[in-house]
Amino acid sequence: MLIKLDGKLLALEIEQRLKHEIGTYVKQASRAPGLAVLRIGDDPASKVYVSNKEKACQRVGIESFTSHISSDSSAEYIINKIKELNEDENVDGILLQLPLPKNLKEGPILSTITPEKDVDGLHSQNLGKLVKNEKGPRSCTPAGVMALLNSYKIPIESKNAVVIGRSILVGKPMALMLQKENATVTVAHSYTQNLSEITKQADILVVAAGRPQMIGIEHIKPGATVIDVGIHRIKPELAKNFSEGRKLCGDVRSEEVASIAGALTPVPGGVGPMTVAMLLVNTVNSWQHHCGLPFSLMDLVP
Ligand code: NAD
């Protein structure tokens, strides 16, 4: 029987735990954890994502400081803003919502965020810590996938895992995290040939290609665990392929894959809420570090 890997439910459980941790230690710390989110320009999806993150902060007791910066601002202006936040004692985490407007380069702006407040785990220093298995903030999406696999006790050790996608945001850190748990990991990407032959070996298949509906039954080993990281608005011309009212789909043709997989994440309600939950975890971890509190969430950090 197919197991639905319910990220929405697990994210709520994690939020309860964070709320409890914050409630227990806020007096000792003399302040709540603080997360600064920078949204640059008017990308409509980013607006929704930032609003969801603000709401999640509010639910658990993290203070959120959001700056909405106009898309014609210079890189210097944004870098100076980040430098101010690096120094701000009420801010434990800084998140730069991606993608940036086309006129701005991600690299120099992201690297201005001090590694200590890099709650997205994208700073080279923190990615280096992941490579070396040292403790540090981890990229939220793959960390959320690991939390989901662990929560449902999906065996990882000695299993074949295939990750489709090699981005810094998802694919690469995902592969490293699975490897750390002793999976044999293959990374597929846009130059990979005969993709289905590779994915059919996977006990765990993580799909982060950003290609709507690209993975179907022909890619799946019977009983495999399938993690669909992709998230897309369903274009009107494809709406007929989905049940009425459905607005989002993933990289996986879920109806089809559900008939053969052993476990599957839904879209929405799978990886998305876990990404937000791990952002909160990274922020609370950073607060505990800054305020000299005990680290109580390390079991959630892959
Ligand atoms: P990206 O575009 O940076 O990377 C996509 C990767 O997929 C690339 O490495 C590319 O080589 C690979 N790829 C593309 N087409 C392929 C193909 N046909 N076969 C094999 N590999 C192929 O995207 P990203 O930032 O890694 O995000 C991937 C997807 O995950 C997007 O749909 C994004 O919206 C989604 N995402 C979701 C969450 C969430 O919280 N649910 C978070 C981050 C990203």
(Q) Please evaluate residues Asp203 and Lys221 with respect to the criterion salt bridge (Lys or Arg N to Asp or Glu O under 4.0 Å), reporting the C-alpha separation (whole Å), side-chain torsions for both, the decisive distance (0.1 Å), and the verdict. (A) CA-CA 7 Å; Asp203 302 301; Lys221 175 179 177 180; 2.7 Å; yes
Is there a continuous path of hydrophobic side-chain contacts, each under 4.5 Å between heavy atoms, that joins [X] to [Y]?
X      : Y      : result
Ile260 : Ile3   : no
Ile227 : Leu9   : no
Met278 : Val284 : yes
Leu176 : Leu205 : no
Leu149 : Val267 : no

Under a 3.5 Å distance rule, please check whether [X] uses its side chain to pair with a backbone N or O of [Y] as donor and acceptor.
X      : Y      : result
Asn182 : Glu157 : no
Thr275 : Val271 : yes
Thr199 : His219 : yes

Report the distance from atom [atom1] of [X] to atom [atom2] of [Y], rounding to the nearest 0.5 Å.
X      : Y      : atom1 : atom2 : answer
Ile168 : Asp120 : CD1   : CG    : 12.5 Å
Ile40  : Ile109 : CD1   : CD1   : 5.5 Å
His68  : Ser70  : NE2   : OG    : 7.5 Å
Leu279 : Ser139 : CG    : OG    : 12.0 Å
Gln125 : Leu130 : CD    : CG    : 13.5 Å
Asn282 : Trp287 : CG    : CH2   : 15.0 Å

(Q) I need the minimum non-hydrogen distance between Leu169 and Pro142, along with the two atoms involved. (A)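 Scanning both residues, the minimum pair turns out to be O-CD, 3.6 Å.
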Q: List the atom of Leu35, the atom of Cys57, and the distance in Å for their closest heavy-atom pair.
A: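 What the structure gives for the nearest pair is CD2-SG, 3.6 Å.
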Q) What's in the same ILVMFWY side-chain cluster as Phe242, cut-off under 4.5 Å, chained through other members? A)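 Phe242 shares its hydrophobic cluster with Ile234, Leu238.
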Q.
My understanding is that only one of Thr141, Ile164, Leu178 makes a side-chain contact (heavy atoms from CB on, under 4.5 Å) with Val206; could you say which?
A.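 Going through Thr141, Ile164, Leu178 one by one, the side-chain contact (heavy atoms from CB on, under 4.5 Å) with Val206 is satisfied by Leu178 alone.
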Q.
Consider side-chain contact (heavy atoms from CB on, under 4.5 Å). Of Val91, Asn90, Thr114, Asn80, which one does Leu85 pass it with?
A.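 When side-chain contact (heavy atoms from CB on, under 4.5 Å) is applied between Leu85 and each of Val91, Asn90, Thr114, Asn80, only Val91 qualifies.
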Q | Residues Glu218, Arg253: salt bridge by 4.0 Å N-O rule | A |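 Result for this pair is yes, salt bridge flagged.
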Is any side-chain heavy atom of [X] less than 4.5 Å from a side-chain heavy atom of [Y]?
X      : Y      : answer
Val229 : Val207 : no
Asn126 : Pro115 : yes
Leu38  : Leu95  : no
Glu116 : His289 : yes

Does a donor on one side chain and an acceptor on the other come within less than 3.5 Å for [X] and [Y]?
X      : Y      : result
Thr66  : Glu54  : yes
Gln97  : Lys53  : yes
Gln213 : His232 : no

Q.
Does atom CD (Gln58) have a neighbourhood of more than 12 heavy atoms from anything else shown, all under 6.0 Å?
A.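 Atom CD in Gln58 is not crowded, with 12 or fewer foreign heavy atoms closer than 6.0 Å.
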Q) salt bridge (charged side-chain N to carboxylate O under 4.0 Å, His left out): which pairs involve residues 85-105, sequence neighbours left out? A)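 Only Arg31-Asp92 qualify under salt bridge (charged side-chain N to carboxylate O under 4.0 Å, His left out).
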Donor-acceptor pairs under 3.5 angstrom involving side-chain atoms of residues 15-24: please list them, not counting sequence neighbours.
residue : atom : partner : partner atom : Å
Glu15   : OE1  : Arg59   : NE           : 2.8
Glu15   : OE2  : Arg59   : NE           : 3.4
Glu15   : OE2  : Arg59   : NH2          : 2.8
Arg17   : NH1  : Asp299  : OD2          : 3.0
Arg17   : NH2  : Ser296  : O            : 2.9
Arg17   : NH2  : Asp299  : OD1          : 2.7
Glu21   : OE1  : Ser296  : OG           : 2.7
Thr24   : OG1  : His20   : O            : 2.7

